[in-house]
2 protein chains.
Amino acid sequence: MADQMTVSKASGDFGGLRMTKQRQVVYDVLADLGPKHPTASEVFVTAKERMPSISLATVYNCLETLTGAGAIKQVNIDREASRYCPNLQPHAHFYCTGCDQVFDIGLEKGADASSIWALPSGCLIEEMNVAMKGVCGTCPKCRTANGHS
Amino acid sequence: MADQMTVSKASGDFGGLRMTKQRQVVYDVLADLGPKHPTASEVFVTAKERMPSISLATVYNCLETLTGAGAIKQVNIDREASRYCPNLQPHAHFYCTGCDQVFDIGLEKGADASSIWALPSGCLIEEMNVAMKGVCGTCPKCRTANGHS
DNA sequence: CTAGGTGCAAAAGGTTTGCGGTTAA
DNA sequence: TTAACCGCAAACCTTTTGCACCTAG
């Protein structure tokens, strides 16, 4: 049972990052929207409901800062707008073309995402990004797409 | 020994695709620039040397069409401009921050890129994209970056 | 108090599109 | 012949930036 208390990380605890109200709101929105993997614009919409004065540029700035601080992750799928993800575990992203949603996909027990690749010796991976596309087969739209009438 | 005669794929053989001079030039440029993983702009520069009348929009259109036909692959690393790749084998891309190059990374013998992920049952992968970032450790710049004076 | 963050508006960069003329099949 | 494609320029969308004001520490 993973910790569900991610609604509001203790203020001022992002590795010495100066915690402004805007950054807190942006982080909280992302934690609340959690598995929706919202884009910057989508974060902006919800953030503006909670803090009407916030600007889109600030949302971008906050997302970049939080990403740099390692508090969140940026997710790029194709050329679409970046999405953001509060899940810090190593995982892949699966974009379902049926329901237009993004799912986090964890590693199989004991699996290692880098050992399957024939890396030239000396290569040092600092970051790996795995994005999949397909149909999830469980959502209503996908069942239809899969021919379950 | 893989077939190296990729300089110019027989005209009109991209799965029934209408083969225009522009598409042929774009494909040839990509095949020639091969492992450089050029961006659309870079393809445009070389294509224009061979066919001065070609336009950037056409290069984009051709790259998109060729990608759709499965003749080439589009490679997205972070938010940078898309790169294109004539290598149709399953492989990952490694971007070296030291020498600013992109390398193709093949799978280890017998490895399977999807089986390491704990996919919900019913999930059907149609496409997988693996991008890594780091230092390759072999180019001069990387050796410097790695502290080899 | 002040370094750093914010809001705004404008710019940048990559990519797509609309349209009249052109061309492969 | 003609549906599909090209070249051009303008539009589009996401993201970044410059600058004056504001605020957390």
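Worth knowing before you read on, the calculation uses all heavy atoms, side chains too, and leaves out hydrogens, waters and symmetry mates.
- Applying the 4.0 Å criterion to OP1 and OP2 of dG7(D), one finds that Q22(B) has a side-chain N or O inside that range.
- The neighbour count for K48(A) NZ, taken as heavy atoms of other residues, nucleotides or ligands under 6.0 Å away, is above 12.
- Comparing atom distances between the R18(A) side chain and each of dT23(D), dC6(D), dC5(D) picks out dT23(D) as nearest.
- In this structure, the CD atom of E64(A) is 11 Å from the P atom of dG5(C), given to the nearest Å.
- To the nearest angstrom, P of dT23(C) lies 10 Å from CE of M51(B).
- Each of dA24(D), dT15(D), dT15(C) was ranked by its minimum atom distance to the side chain of A81(A); first place goes to dT15(D).
- The side chain of T20(B) places an N or O atom within less than 4.0 Å of a non-bridging phosphate oxygen (OP1 or OP2) of dC6(D).
- Among the nucleotides dG25(D), dC8(C), dT15(C), the one closest to any side-chain atom of L56(B) is dT15(C).
- Comparing Y60(A) and V59(B) by the nucleotide of DNA chain D that holds the closest heavy atom to each, the one mapping nearer the 5' end is V59(B).
- Backbone-only contact: S53(B) has heavy atoms under 4.0 Å from sugar-phosphate atoms and none from a base.
- Side-chain atoms of Q74(A) and S82(A) form a donor-acceptor pair, as typed in the model, at a separation below 3.5 Å.
- Residue M19(A) contributes atom CE, which lies 16 Å from atom P of dG4(C) at whole-angstrom precision.
- K21(A) and D28(A) are not joined by a salt bridge, as no carboxylate oxygen comes within less than 4.0 angstrom of a charged side-chain nitrogen.
- Between L17(A) atom CG and dT6(C) atom P the separation is 9 Å, expressed in whole Å.
- We find that CG of N76(B) is positioned 15 Å from P of dT14(D), with the value rounded to whole Å.
- When the side-chain nitrogen and oxygen atoms of S82(A) are compared with OP1 and OP2 of dT14(D), none of them lie within a distance under 4.0 Å.
- The two atoms that bring C85(A) and H93(A) nearest to each other are SG-NE2, 3.8 Å, heavy atoms only.
- If you check distances only, the side chain of R79(B) never reaches the base of dT14(D) with a donor-acceptor pair under 3.5 Å.
- In terms of phosphate contacts, R23(A) brings a side-chain nitrogen or oxygen within less than 4.0 Å of OP1 or OP2 of dG5(C).
- Put simply, T58(A) has a side-chain N or O that comes within less than 4.0 Å of OP1 or OP2 on dG7(C).
- Put simply, CD on E42(A) is 15 Å from P on dC13(D), counting in whole angstrom units.
- One can place CG of D78(A) at 18 Å from P of dG14(C), the figure rounded to the nearest angstrom.
- Among the nucleotides dA24(D), dT23(C), dC8(C), the one closest to any side-chain atom of S55(A) is dC8(C).
- Once rounded to the nearest 0.5 Å, the distance linking CE of M51(A) with CD of Q24(A) reads 10.0 Å.
- At whole-Å resolution of the value, CD1 in I54(A) and C1' in dG5(C) are 11 Å apart.
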